[in-house]
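Reading through the structure tokens given below for one structure.
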Amino acid sequence: MSDCSKQKCAALAAVVLAAGKGTRMKSNVAKVLHPIMGRPIISYVLDTLTAVQANPQVIVVGHAAETVREACGPDYIYALQAEQRGTGHAVQTAIPSLDGFSGNVLIVSGDMPLVTPEVWQNLIELHVREGNEFTLLTARSEAHRDFGRIVRQADGQAVRIVEARDCTPEEYALTEVNLGAYCASADFLREMLPLLGSNNAQGELYLTDLVGLGHAHGKRIGAMITPDIECAMGVNSRADLAQAGTVIKARVLRSLMLSGVTVLDPGSTWVEPSVTVGRDTVILPGTVLQGKTSIGEACQIGPNTQITDSSVGAGSTVTHSVLWQAKTAGGAKIGPFAYLRPGTVLEDNVKVGDFVEIKNSNIAAGTKVPHLTYIGDADVGSNTNIGCGTITCNYDGQSKHRTFIGDHVFIGSNTSLVAPVRVESGAKTGAGAVVTKDVAAESVVVGIPAHPLRHTNTEQS
Ligand code: UD1
Ligand code: CA
């Protein structure tokens with residue numbers, strides 16, 4: 001994306017800091033790309049900024065710049081901070097991308113996935129109402145001992161941020177901390193950022209020094225104390241990652257419940273934010289719903305079920321099963337212990353029972369596959385019954401072949417269908433048949449290899 005002067009810029013922009021290494025993650029993967037509930041940490045930050053209509057959003061990249069750029073995609077402006085010389089330097093790097101923009105700029109670390117749109121909205125409102133040039137988000141916390149401390153003067157005005165490692169003992173004892181989310185006027189940033197120095201414990205350009213600098217230059221600086229301390233969490237370690245996941249998970253489940261979904265045991269239920277669930281669906285314990293999954297209305301899902309990138313139609317039940325890139329229409333009865341693999345498509349009211357595996361197959365309405373069966377690369381018609389122990393032998397050791405089974409077919413128990421093979425509508429196979437040749441409509445085959453069943457004809461004998 002080009003710089004801002006070439007676009008229609010709204011009055012709100014954002015800068016997301018994501019150039020740091022994230023050393024404490026002990027990882028080869030860039031910190032902001034570690035997933036929380038299936039999505040990179042930074043995607044939560046970007047989505048929230050989009051929700052408050054910050055546009056453009058400039059992402060400052062450095063460490064693993066290319067992978068971050070690839071993961072976030074083309075909707076953002078990227079500013080390369082080749083050498084990480086501090087948060088102030090990072091914002092300096094972003095400023096040329098905001099050329100021609102003169103509104104307010106939200107600034108936040110890419111590792112703060114829990115800031116909500118409400119918190120941003122409140123910060124922006126305070127910033128505008130007080131006529132500030134720089135407003136920071138703070139909280140009272142005795143837990144965040146490594147965060148910068150807010151120094152206020154006698155009248156309550158915030159005049160300085162001191163990083164924990166630069167604190168005097170008196171400053172260290174302060175309990176109002178800097179959360180690392182800011183709203184600044186673009187002009188203020190342009191004027192003040194060049195004045196930053198690096199006379200501090202880390203020898204870096206601190207963004208936080210803008211408070212002291214701004215104050216010294218007579219700028220209006222504001223600080224909003226949020227009671228939502230949860231939103232402040234930055235992900236710095238794997239433990240933080242799990243904790244942030246817990247918070248996001250709770251938010252997802254809460255919003256599902258508000259929309260009319262019953263979640264029997266939120267503690268053991270994992271639903272990623274990308275999943276949609278229809279009202280009156282009941283989610284039982286031990287259920288994991290991931291990726292681009294949609295569950296219709298009035299379903300019963302679980303217990304102990306994992307559904308990934310799949311859709312389940314209204315009124316279905318899925319019990320103790322795994323679905324992966326599968327689609328079921330309405331009224332499906334899946335499980336217990338079914339495994340639906342990619343390319344499985346079930347039409348209305350299909351039953352797939354225990355110890356059944358299906359992949360790359362279409363199964364038409366009303367068909368039943370009740371037990372101990374493998375259906376691979378098959379097209380099965382409607383109202384057909386697949387007997388216990390049926391196997392489509394789809395692989396001959398070299399390539400895969402399809403099996404066709406028509407409507408109203410009865411496949412006897414323990415039938416092997418050696419593909420490519422067709423069993424036409426209304427046909428039947430006997431128990432234990434090994435079907436190697438096509439079976440005509442309405443006929444019956446039995447045996448190994450299967451042959452048409454001849455009725456004993458007394459007139460000929
Ligand atoms: C920062 C704040 C601190 C605040 C804390 C809250 C400063 C100097 N301090 O400290 O007051 O309490 O956040 O979490 O800002 N980054 C870059 N380029 C750089 C340096 C950092 O992009 O050159 C990015 C990092 O990737 C990270 C973010 O900026 O996403 C914050 O940097 P970090 O070094 O973690 O700052 P903190 O020490 O946490
Ligand atoms: Ca940090």
Side-chain angles (χ1 to χ4, degrees), residues 14-25 27 29-34 40-42 44-46 58-65 67-69 72 78-95 97 106-115 119 134 136-151 158 160-167 171-172 174-182 184 189 193 196-213 223 225-226 229-237 240-241 244:
V15 172
V16 178
L17 309 185
K21 189 158 185 215
T23 315
R24 281 169 286 172
M25 294 300 282
S27 175
V29 176
K31 174 166 84 172
V32 294
L33 298 187
H34 277 263
I41 296 171
I42 194 171
Y44 293 92
V45 180
L46 298 170
V58 182
I59 306 177
V60 180
V61 291
H63 183 76
T67 53
V68 174
R69 198 189 292 250
C72 298
Y78 295 89
L80 182 67
Q81 187 193 22
E83 207 189 328
Q84 283 82 61
R85 294 173 47 211
T87 49
H89 180 250
V91 180
Q92 284 178 353
T93 308
I95 288 297
S97 304
L106 304 179
I107 304 168
V108 65
S109 295
D111 64 359
M112 288 176 64
L114 302 182
V115 181
V119 167
F134 190 82
L136 54 139
L137 185 67
T138 75
R140 294 199 188 288
S141 166
E142 311 215 359
H144 297 80
R145 299 318 285 157
D146 54 345
F147 278 24
R149 305 296 199 276
I150 311 301
V151 180
R160 215 151 45 88
I161 301 177
V162 194
E163 289 306 297
R165 59 180 103 196
D166 297 308
C167 279
E171 288 164 344
Y172 195 82
L174 295 171
T175 55
E176 184 183 358
V177 295
N178 173 35
L179 301 189
Y182 317 87
L189 293 174
L193 282 171
L196 289 177
S198 58
N199 182 20
N200 52 55
Q202 298 189 88
E204 291 186 345
L205 299 180
Y206 286 169
L207 182 62
T208 45
D209 284 347
L210 288 183
V211 175
L213 269 174
I225 306 177
T226 177
I229 185 83
E230 199 174 63
C231 82
M233 196 184 143
V235 176
N236 291 310
S237 64
D240 294 343
L241 190 67

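Counting starts at 1 for both ligands and their atoms, in listed order.
Taking only nitrogen or oxygen atoms, main chain and side chain alike, Leu207 does not reach within less than 3.5 Å of ligand 1. Every N/O-N/O distance between Gly180 and ligand 1 stays at or above 3.5 Å. Checked by distance only, ligand 1 and Gly20 come closer than 3.5 Å through their nitrogen or oxygen atoms. In terms of N/O distances under 3.5 Å, ligand 1 is approached by Asn178. Of the polar atoms of Gln81, at least one N or O is found under 3.5 Å from an N or O of ligand 1, judged by distance alone. For ligand 1, the polar-atom distance check against Glu163 finds a nitrogen or oxygen pair separated by under 3.5 Å. Of the N or O atoms in Phe147, none lie within a sub-3.5 Å distance of an N or O in ligand 1.
Set against the non-hydrogen atoms of Ala90, the atoms of ligand 1 under 4.0 Å away are 17 (C), 18 (N), 22 (O). Applying the 4.0 Å criterion to heavy atoms of Arg85 picks out, from ligand 1, the atoms 23 (O). Taking every heavy atom of Gly148 and a limit of under 4.0 angstrom, the matching atoms of ligand 1 come to 3 (C), 4 (C), 11 (O), 12 (O). Counting the atoms of ligand 1 from 1 in the order shown, those under 4.0 Å from a heavy atom of Ala18 are 22 (O). For ligand 1 and Leu17, the ligand atoms under 4.0 Å from any heavy atom of the residue are 22 (O), 24 (C), 29 (O), 30 (O).
The nearest non-hydrogen atom to atom 32 (O) of ligand 1, considering only Asp111, Thr87, Ile42, comes from Thr87.
Heavy atoms only, all atoms of each residue included: Thr93 and Leu80 are closest at CG2-O, 3.2 Å. When all heavy atoms of Asp209 and Ile161 are compared, the closest pair comes out as OD1-O, 4.4 Å. Ile41 and Gly110 get closest at one heavy-atom pair: CG2-O, 3.5 Å. A pairwise comparison of heavy atoms in Ala158 and Val211 identifies O-CG1, 4.1 Å as the closest pair. Across every non-hydrogen atom of Tyr78 and Cys72, the tightest pair is OH-CB, 3.0 Å. Lys31 and Asn236 get closest at one heavy-atom pair: NZ-OD1, 2.9 Å.
For the side-chain contact (heavy atoms from CB on, under 4.5 Å) test with Val16, the passing option among Leu46, Val58, Leu106 is Leu46; the others fail.
At a 4.0 Å heavy-atom cut-off, ligand 1 does not touch Met112 at all. Heavy atoms of Ala232 found under 4.0 angstrom from ligand 1: none, in either backbone or side chain. Of all the heavy atoms of Val177, none lies under 4.0 Å from any atom of ligand 1, so neither backbone nor side chain is involved.
Panel note: side chain Asp111, backbone Gly234; no donor-acceptor pair is recorded below 3.5 Å. Arg149 contributes a side-chain N or O that, together with a main-chain N or O of Leu174, makes up a donor-acceptor pair within less than 3.5 Å.
You'll find the side chain of Ser27 reaches within 4.5 Å of the side chain of His34, heavy atoms only. Taking the side chain as every heavy atom from C-beta outward, Tyr182 and Thr208 approach each other to under 4.5 Å.
The closest approach between a heavy atom of Gly234 and any atom of ligand 1 is not below 4.0 Å. Taking a 4.0 Å cut-off on heavy atoms, Thr208 registers as neighbouring ligand 1. Taking a 4.0 Å cut-off on heavy atoms, His89 fails to register as neighbouring ligand 1.
His89 and Gln81 are linked by a side-chain donor-acceptor pair at a separation below 3.5 angstrom, with hydrogens and angles left out of the test.
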